[in-house]
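Counting begins at 1 with the first residue of the sequence. Heavy-atom basis, side chains included; hydrogens, waters and symmetry copies ignored.
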Amino acid sequence: MTEEERQLPGPPTRGLTGAAKRLRREAAEIRAAVRAAPRRTVVAESLVCALAAAFGLIPLLLIPPDRPVLAVLEALWATLLVPARRGRPVAAVLGAFPLLMGANVWVLAVVPLIVLSATRRIAPPRRAWRVVGVACAALGGLTVAAGLFRWETLPVKLAENAVSAVLLLLLPTLAGTMLGRRRPLVDLLRERNAYLEQTRTLTAAAARLEERTRIAREMHDLLGHRLSLISVHAGALELAAARQAPPLAGQVELLRTTAGTAMEELREILGVLRHADLSDETGSGGGGGGDRGTYEDITALVTQSRQTGGGSAELVWSVPDTVEVGARVRQAIHRVVREGLTNVLKHASGAPVLVEVKGTDAGIEVHVTNGVPRVPGDSRGGTSSGLAGLQERISLLGGTFGAGALPDGGFRVTARLPSHTTNGPAPRPSEAGAHAGAEALPAAPRPPSGDGDTWRPGPNSPLSAQTLTWPRVLGAGCTAVLVVLPTAGFLIVLLVMAALG
C-alpha cells in the first residue's frame, strides 16, 4: 500500500457500523429496562403512548392537514417521546421543541406533559433549566433558519414561537422542577417523622425504666426492711413458742415462712422493675419464676390458706398432664388463686373455699369460690385493686376475668385463659405503658443527647436549615398546578382554533 493510499480517508461504512452498534446497544438497554420494570408500569406507559398516538392521529382523519405525512411523523415522534421521558429525560426535552414548529397542532397537547414529566426527573433543577434553555435557543435558531426566505413573516413567527416556548416549555419546566423538589421533601419529611417517633419511643422507654428503678429502690428500702424485721422477730418468736407454748409453734412457723416467701417475691418483683423483662418466653422475668402455677404450687397455697384461716379449703385439679401450659399462664393461675384466697382471708375468714383448676377445649379455667363467712360482716375492707390488676393481667393474655357475689352469699373469682396463648403475647405498648414492667424496652440504640439535628440516621438526614412542614410539601404541588393553568388555557385556544379552521 502506497503512502497516498494510507492518507486517503476510510470508507464511510466504519461510521455506519459504529452507529449500528450504538443503536443495538440502546435497543438492548431499552428491552432490559422494560423487562425489569413492574408490569403495572409497563401497562400504564403503554396506555399513555396509545392515548398520545390517538390524540395526534385521529384528528387528522377529521381535519386533513396541508402536509399529512409530516403531521403523521410528528404524532409518531411525540408518541416515542412519551416513554423516553422516564429513561432519557434530557433527550425527551431536547426532542420535544421541534414539535412546536410542526404541522400537527394536536401534538402540542402532549409537549407540556412530556416536558413536565421529564424535568421532574432531572436533578439538580438547574440542570433542567440549562436543558430547557438549550431547547429554547435551538427553537429560536430553527425559527430564524426557516424564515430566511420569508423576512416579512419572521417577526410574527418569532413572536408566536416565543409565546409557545414560554407556555409549553418554560412553565411546564417550572412546574416539573417544583414537583421534583417535592419528592425529596416528602421522603425527608417521612424520615424526620420516623426519627422523631423513634426518639419519642426511646425517651418514653428510658423514662419508664428510670421510674421502675426508682420504685424498686423505694420498695427495697422500705418494704425490704420491714419484711426483714418481721422475719427476724418471727424466728425469735418461734424459738420462744417452742419452749413456752408448743401448740402455737405451727402458726409461728407459718408466720416465719410467710415472711421469707414475701421477701423472695419482693426480690423477684424488684428484678422485674429493674430489668423490665416480662415478654421472654421462659417467664423468668415475670416475677414468679418458672415453677409458679404448678399443681404443687397451688396445693401449697390451699394448704397455707387452710392453716391460716381455720376454714376448710379444697383443691380440684383436672388439668391433664398432656396439656402444655406456658409460664405466663402458670403465673396467671398462681395470681388468681392467691388473690382469691387472700380475699377470703380478708373478707370471709373461716368460710369454706373451693379452688378449681381445670382444662377445657378453649384453654384453662380457674375458679375460687367461697361460701358464707363464719361471722357475717367481718371484713377488713379493701380497694379492689387486686381484682383490677388480675383483670388486666388476664386480658393481656387474651383471656376473660370475672368476680362477683353469689346468690347464697358467697363470692367467686373466675378466670378463663385461651389455649392458643399459652406462652402469652407481649403486651402492646398502648395497653402496658402505664404499668411498670409490662413490656420490654426496644432494642434500638438511644440517640445521643443534645440537638436532634446532630443525629444522622441516613443519607437524607434532616437539616436545621430546612423547613419541613406539610403545607410546604403540599404547596409545591399546588403551585405546580397553578403554573400549568396558563398552558392548559393556551392549548385549549389553539385546539379550538385548529378545529374551527
Can Arg120 and Thr177 be said to form a side-chain contact (heavy atoms from CB on, under 4.5 Å), step by step?
-> CA-CA 5 Å; Arg120 186 169 65 91; Thr177 52; over 6 Å; no
Evaluate the side-chain contact (heavy atoms from CB on, under 4.5 Å) criterion for residues Glu339 and Val413: first the C-alpha distance (whole Å), next the side-chain angles of each, then the deciding distance (0.1 Å), finally the verdict.
-> CA-CA 9 Å; Glu339 182 66 23; Val413 176; over 6 Å; no
For residues 60-68, which side-chain N or O atoms pair as donor and acceptor with protein atoms under 3.5 Å away, sequence neighbours left out?
none

Donor-acceptor pairs under 3.5 angstrom involving side-chain atoms of residues 128-148: please list them, not counting sequence neighbours.
| unit_1 | atom_1 | unit_2 | atom_2 | d |
| --- | --- | --- | --- | --- |
| Thr143 | OG1 | Leu139 | O | 2.7 |
| Thr143 | OG1 | Asn161 | ND2 | 2.7 |

Could you tabulate the donor-acceptor pairs under 3.5 Å formed by side-chain atoms of residues 71-85, not counting sequence neighbours?
| unit_1 | atom_1 | unit_2 | atom_2 | d |
| --- | --- | --- | --- | --- |
| Glu74 | OE1 | Ala103 | N | 3.2 |
| Glu74 | OE1 | Asn104 | N | 2.8 |
| Glu74 | OE2 | Ala103 | N | 2.8 |
| Trp77 | NE1 | Gly95 | O | 2.8 |
| Thr79 | OG1 | Ala75 | O | 2.8 |
| Arg85 | NE | Ser117 | OG | 2.8 |
| Arg85 | NH1 | Glu45 | OE1 | 2.9 |
| Arg85 | NH1 | Val82 | O | 2.5 |
| Arg85 | NH2 | Glu45 | OE2 | 3.1 |

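Remark: Leu51 CG to Leu113 CG distance equals 11.0 Å, nearest 0.5 Å. Atoms CG and OG1, on Leu116 and Thr173 in that order, are 8.0 Å from each other to the nearest 0.5 Å. Taken from OG1 in Thr199 to CZ in Arg192, the straight-line distance is 10.0 Å, to the nearest 0.5 Å. Here the straight-line distance linking atom CZ of Arg88 with atom CG of Leu94 works out to 13.5 Å at 0.5 Å rounding. Here the CG-CE distance, from Leu108 to Met101, works out to 12.0 Å after rounding to the nearest 0.5 Å.
Proximity of Ile394 to Thr400: side-chain heavy atoms (C-beta onward) are nowhere separated by under 4.5 Å. Here the side chains of Ile364 and Val319 are in contact, with some heavy-atom distance below 4.5 Å. Contact of the Met178 side chain with the Leu174 side chain is registered, since non-hydrogen atoms from C-beta on lie closer than 4.5 Å. Looking at heavy atoms from C-beta onward, Val163 lies out of side-chain contact with Glu160 at the 4.5 angstrom threshold.
Taking both residues in full, the closest heavy atoms of Leu417 and Ala332 are given as CD1-CB, 4.1 Å, listed atom of the first, atom of the second, then distance. The two residues Pro172 and Thr119 have their closest heavy-atom pair at O-OG1, 3.9 Å. The two residues His334 and Asp297 come nearest to each other via the heavy atoms ND1-OD2, 2.5 Å. What you find for Leu387 and Phe401 is that their closest heavy atoms are O-CE2, 3.7 Å. Contact detail for Leu167 and Leu171: the closest heavy-atom pair is CD2-CD1, 3.6 Å. Here the shortest heavy-atom pairing between Leu168 and Val115 reads O-CG2, 4.1 Å.
In terms of the side-chain hydrogen bond (donor to acceptor under 3.5 Å, both in side chains) criterion, residue partners of Glu365 (sequence neighbours excluded) are, by chain and number, His367, Arg416. With sequence neighbours excluded, the residues that form a salt bridge (charged side-chain N to carboxylate O under 4.0 Å, His left out) with Arg200 are Glu197. Checked against salt bridge (charged side-chain N to carboxylate O under 4.0 Å, His left out), Arg121 has no partners two or more places apart in sequence or in another chain.
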